[in-house]
Amino acid sequence: MSDIIHGFQPVYDANSEVLILGSFPSVKSRQTDFYYGNRQNRFWKMLFGFFGEERKEEVAAKKEFLLRRHVALWDVVMSCEIKGSSDATIKNYTVADVPALLAKTKIRLVLLNGTTAFKIFERPFPLFPVPYALMPSTSPANVRYDEGAWIAALTAAFVHG
């Protein structure tokens, strides 16, 4: 195990409506200093694809895209000890202050990217004031990834919401 490692600040603004929470940045994400930095992760391809936009690689372009599309992005774990990129090794973690973020936004749905994010989120927030859902992890390690589940949740939030 390593020492305590810190994650990223949230990307959001007052108009953010859907919050996507991951678990904790991977080694590649920490190297690129932004969320889902591993090109094999399906996150950016799925999200840009949902909105019918060409995938961008630059961090500034990704932030602009998220804010323009009213998507907030953060991780449920703010800091922790972790071995490599393995969620299974996360320990001694601190949880993000998601209710504080809610108070500054129009968040009406939280999508949790993977089981680890979901389990860590549910412990401190069992009576969360907005709906939340477990989504299949976009990690390249997830052999059961289901893009259809993401598309359905995003469609319900943005097209029918």
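In this chain, residues are counted from 1 in sequence order.
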Closest non-hydrogen contact found for L21 with D75 is CD2-C, 3.9 Å
Rounded to the nearest 0.5 Å, how far does CG of L67 lie from CG of L73? 10.0 Å
Linking I/L/V/M/F/W/Y whenever their side-chain heavy atoms sit closer than 4.5 Å, directly or via other members, would F50 and W44 fall into one cluster? yes
Rounded to the nearest 0.5 Å, what separation is found between the CE atom of M46 and the CG atom of N41? 9.0 Å
Are R39 and E57 close enough for a salt bridge, meaning some N to O gap below 4.0 Å? yes
Is there a side-chain contact between R30 and I82 in this structure, where contact means two heavy atoms from C-beta onward sitting under 4.5 Å apart? yes
Compare all side-chain heavy atoms of K28 with those of T32 and state whether any distance is below 4.5 angstrom. no
Could you tell me whether E64 and K56 make a salt bridge, using a distance below 4.0 angstrom between a side-chain N and a carboxylate O? no
For S139 against R42, the heavy-atom pair lying closest together: O-NH1, 2.6 Å
Does any part of the side chain of I20, heavy atoms only, come nearer than 4.5 Å to the side chain of Y35, both counted from C-beta? no
Would you kindly say whether S23 and D87 are connected by a side-chain donor-acceptor distance under 3.5 Å? yes
Taking the side chain as every heavy atom from C-beta outward, state whether L19 and Y12 have any pair of such atoms under 4.5 Å apart. no
N113 side, atom CG; N142 side, atom CG - distance, nearest 0.5 Å: 9.0 Å
Nearest 0.5 angstrom please: S79 OG to I90 CD1, how far? 11.0 Å
How about F128 and F121: are their ring centroids closer than 6.0 Å? yes
How long is the gap from NZ on K63 to CD on E58, to the nearest 0.5 Å? 13.0 Å
Step by step, work out the side chain to side chain contact (heavy atoms under 4.5 Å, CB included) result for E122 and Y132. CA-CA 10 Å; E122 277 204 315; Y132 61 93; 2.9 Å; yes
Please report the shortest heavy-atom distance between V18 and A157, naming the atom on each side. CG2-CB, 3.7 Å
Sort out for me which residue in V11, L102, T105 forms a side-chain contact (heavy atoms from CB on, under 4.5 Å) with S16. T105
Determine the interplanar angle of the F34 and F8 rings, folded into 0 to 90°, and report it as parallel if under 30°, tilted if 30 to 60°, perpendicular if over 60°. parallel
Between L47 and L66, is any pair of side-chain heavy atoms under 4.5 Å apart? yes
A side-chain contact here means heavy atoms from C-beta on lying under 4.5 Å apart; do Y93 and F24 qualify? no
Ignoring hydrogens, what is the shortest heavy-atom contact between M135 and A153? Give both atom names and the distance. CE-CB, 3.7 Å
I4 vs E81 side-chain heavy atoms within contact, under 4.5 Å: yes
When rounded to the nearest 0.5 Å, the distance separating CG of N38 from OG1 of T138 is 9.5 Å
Sequence neighbours left out, what pairs pass ring-ring contact (aromatic ring centres under 6.0 Å, His included) with at least one residue falling in residues 57-89? F48-F65, F51-F65
Heavy-atom side-chain proximity of V130 to L109 below 4.5 angstrom: no
If the plane angle is over 60° it's perpendicular, under 30° parallel, otherwise tilted; pick one for Y36 and F43. parallel
Considering non-hydrogen atoms only, spot the tightest contact between A96 and F125 and give its length. O-CZ, 3.5 Å
